[in-house]
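First the structure, in the form of structure tokens, and then the observations on it.
Below, chains carry the letters A, B, ... as their sequence lines are ordered, and counting in each starts from 1.
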There are 2 protein chains.
Amino acid sequence: MCLNFYIYTNTDNMQTSTTEDYLKAIFKLSGIYKKGVSTNSIAEELSTKASSVSDMVKKLSEKKLVDYVKYQGTTLTKEGENIALKVIRKHRLWEVFLVEKLKFGWDEIHEIAEQLEHIKSPKLIDKLDAHLGFPKKDPHGDPIPDKNGLFPTIKKLKLNELKIGEKAILTGVSEDSKDFLSYLDTIGLKLGSSIEVLDYFKFDKSLKVKINNRSDLTFSDLVANNLNISKEN
Amino acid sequence: MCLNFYIYTNTDNMQTSTTEDYLKAIFKLSGIYKKGVSTNSIAEELSTKASSVSDMVKKLSEKKLVDYVKYQGTTLTKEGENIALKVIRKHRLWEVFLVEKLKFGWDEIHEIAEQLEHIKSPKLIDKLDAHLGFPKKDPHGDPIPDKNGLFPTIKKLKLNELKIGEKAILTGVSEDSKDFLSYLDTIGLKLGSSIEVLDYFKFDKSLKVKINNRSDLTFSDLVANNLNISKEN
DNA sequence: AAAAATTTTTAGACAACACTAAAAAATTTG
DNA sequence: CAAATTTTTTAGTGTTGTCTAAAAATTTTT
Ligand SMILES: [Mn+2]
Ligand SMILES: [Mn+2]
Ligand SMILES: [Mn+2]
Ligand SMILES: [Mn+2]
């Protein structure tokens, strides 16, 4: 009887799309700040207010999805991380679908995937995965977690870490906004493009680069910081 | 100034998935009862309580999506009907996707489509439509409204309207539940199957039928009433 | 280490939706 | 047509998630 009570406690652990978005945001921010994630940073990531976040992390903590101590930030529990990884898997697989099958541009898919990632079905995602041929990366170069939430941790090298004269291949982007991605489209930069650093200006940290051995142009540090690369040779 | 006010009034007419489901339910029920749709019937269709429906139709009426007079039932306005038809278009296109592309059975798709139909994106559905080759019917034989909400009104003939000796082709089903559809699967009945009425039992209105010129079996009136057919010859 | 600035939490409201119980209206029945 | 039954609405609550304003804690500055 007492055992029963224990077992069935917390069994109704189905998430709303809101709680899924919170867990995803905390997961993303955990990769950046290694300590507990700050209330303000979650609020900014989700375009909401700190007071709303404060309320929510308290509730997530009751559900044992996060560890939260007042004034000391939030970290995911194993359970919370599992849920976040499942949502990220769904988000990235749907993004592949939108680009590969429906022919959307990589700059148009984020908002749609933000909705599709919350569709609940035990079978749907694995069927989608198979339909897409078990892709390993999404259209932005991000790795897709497998059924068990595992994916290779690729050390991300940013374009602004290169020295003058070095060459690299674009392997991913750290920013999914339409503004950023359609700018890359207009300059002809896509995953796999080659980038050579021609010059570096100390004043504003901007870079003069040559892309695809053709056009010369200048990247601000902010742009360069959102371009993930792997060094050539 | 006054004009401005008028124009921008009611401009924020974005629906929640709840209101979309209400509008869809009212549309479906309007086809059956030609008068105003009763509060109780909406409640039953949506598995909710009459008091909740009473609240909601009042709100939908304020948004000019339904006409509602206390104690006299609810009907869709033109605007409400347009929204309902868009949701139905999305539901049926996603069902085609799930069966044709992801290889789901027709008995597994209803609940998933019930979620997918609420995804908001101006471009998504037309791209999906193109990807699927502009299908005209969903996996249950229901017509798919076009971009403008138009679809042919097919007069539905039900199996229990046939006389002994008549033959027909299964063109659709009026019931989407897994229980019903997987029963049809086990007896090998699918869209396009031929059905011949061998006998009719007055007592319970059940029918003895031969399907695909092979097996003989008996259908209750309830089953026969959910099988849509077109007469052969 | 006190003052100032920033971050975080609490308090109090609100909107959307759902529910139960009870009241009111409409319909069916005898 | 009055009584009984059914349908519908209202009243009062609860839950989830959001917000603003104000209080409290923490961190930074001087
Ligand atoms: Mn989302
Ligand atoms: Mn992505
Ligand atoms: Mn739905
Ligand atoms: Mn259908």
Side-chain angles (χ1 to χ4, degrees), chain A residues 9-26 29-30 32-33 35-75 80 83 87 114-115 117-118 120, chain B residues 10-26 29-30 32-33 35-75 80 83 87 114-115 118 120:
Chain A
T9 261
N10 201 26
T11 204
D12 179 14
N13 218 340
M14 242 228 295
Q15 305 310 309
T16 63
S17 50
T18 309
T19 62
E20 287 185 343
D21 283 339
Y22 269 90
L23 295 172
K24 200 161 54 102
I26 296 164
L29 295 166
S30 299
I32 304 167
Y33 316 100
K35 300 296 182 126
V37 173
S38 75
T39 300
N40 263 358
S41 66
I42 299 170
E44 195 185 1
E45 175 72 22
L46 295 174
S47 305
T48 183
K49 296 296 155 76
S51 57
S52 307
V53 174
S54 220
D55 270 7
M56 182 57 89
V57 293
K58 222 172 294 172
K59 286 175 200 158
L60 292 173
S61 166
E62 275 159 29
K63 292 185 194 155
K64 305 252 190 266
L65 299 175
V66 304
D67 291 317
Y68 161 69
V69 182
K70 267 187 206 174
Y71 296 102
Q72 283 178 221
T74 306
T75 49
I83 295 170
V87 178
E114 203 53 55
Q115 299 173 63
E117 69 189 357
H118 304 294
K120 255 99 188 158
Chain B
N10 202 26
T11 204
D12 179 16
N13 218 341
M14 242 226 296
Q15 305 310 309
T16 63
S17 50
T18 308
T19 61
E20 287 185 343
D21 283 339
Y22 269 91
L23 295 173
K24 201 163 53 107
I26 296 164
L29 295 166
S30 299
I32 303 168
Y33 315 100
K35 300 297 183 128
V37 173
S38 76
T39 300
N40 263 358
S41 66
I42 299 170
E44 194 184 1
E45 176 71 22
L46 295 174
S47 305
T48 183
K49 296 296 154 78
S51 57
S52 307
V53 174
S54 222
D55 268 8
M56 182 57 89
V57 292
K58 221 172 296 172
K59 287 175 201 157
L60 292 175
S61 166
E62 275 158 28
K63 292 183 194 156
K64 305 252 191 268
L65 300 174
V66 303
D67 290 317
Y68 162 69
V69 181
K70 268 187 205 175
Y71 296 102
Q72 282 177 221
T74 305
T75 50
I83 295 171
V87 178
E114 202 53 55
Q115 299 173 63
H118 304 295
K120 256 97 187 159

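Note: B:T18 OG1 to B:L46 CG = 9.5 Å, rounded to the nearest 0.5 Å. For the atom pair CD1 (B:I42) and CG (B:L23), the distance works out to 9.5 Å, reported to the nearest 0.5 Å. Atoms OG1 and CG, from B:T74 and B:L65 in turn, are 12.0 Å apart once rounded to the nearest 0.5 Å. Separating the CG atom in A:D55 from the NZ atom in A:K49 is a distance of 14.0 Å, to the nearest 0.5 Å. Note that the NE2 atom of A:H118 and the CG atom of A:D21 stand 3.5 Å from one another [nearest 0.5 Å].
Residue A:S51 is in base contact, counting any heavy-atom pair closer than 4.0 Å across all strands shown. Using a 4.0 Å heavy-atom criterion, one finds that A:T39 contacts the sugar-phosphate atoms exclusively. A:K59 comes within 4.0 angstrom of a nucleotide base, judged by non-hydrogen atoms across all strands.
Taking 4.5 Å as the limit, some side-chain heavy atom of A:K24 sits within range of a side-chain heavy atom of A:E114. Between B:T48 and B:M56, every side-chain heavy-atom pair lies at or beyond the 4.5 Å cut-off.
Residues passing the salt bridge (charged side-chain N to carboxylate O under 4.0 Å, His left out) test with B:K120 are B:E20, sequence neighbours excluded.
The nearest whole Å value for the distance from the CG atom in A:D55 to the C1' atom in C:dA13 is 12 Å. When rounded to the nearest whole Å, the span between NZ of A:K49 and C1' of C:dA11 equals 17 Å. In this structure, A:K58 atom NZ and C:dT8 atom P are separated by 14 Å, rounded to whole Å. Rounding to whole angstrom units, CD of residue B:E20 and P of C:dA16 are separated by 15 Å.
Considering A:L29, A:V66, A:D67, A:V37 as possible partners of A:T75, the one that fulfils the side chain to side chain contact (heavy atoms under 4.5 Å, CB included) test is A:D67.
Projected onto DNA chain D by closest heavy-atom contact, A:T18 and A:Q72 fall at different nucleotides, the more 5' of which corresponds to A:T18.
Stretches of at least 3 consecutive Watson-Crick or G-U wobble pairs, with each checked distance under 3.5 Å, appear in DNA chain D as C:1-30 with D:1-30.
Running 5' to 3' along DNA chain D, contacts with non-hydrogen atoms of chain A at under 4.0 Å begin and end at D:dG17 to D:dT26.
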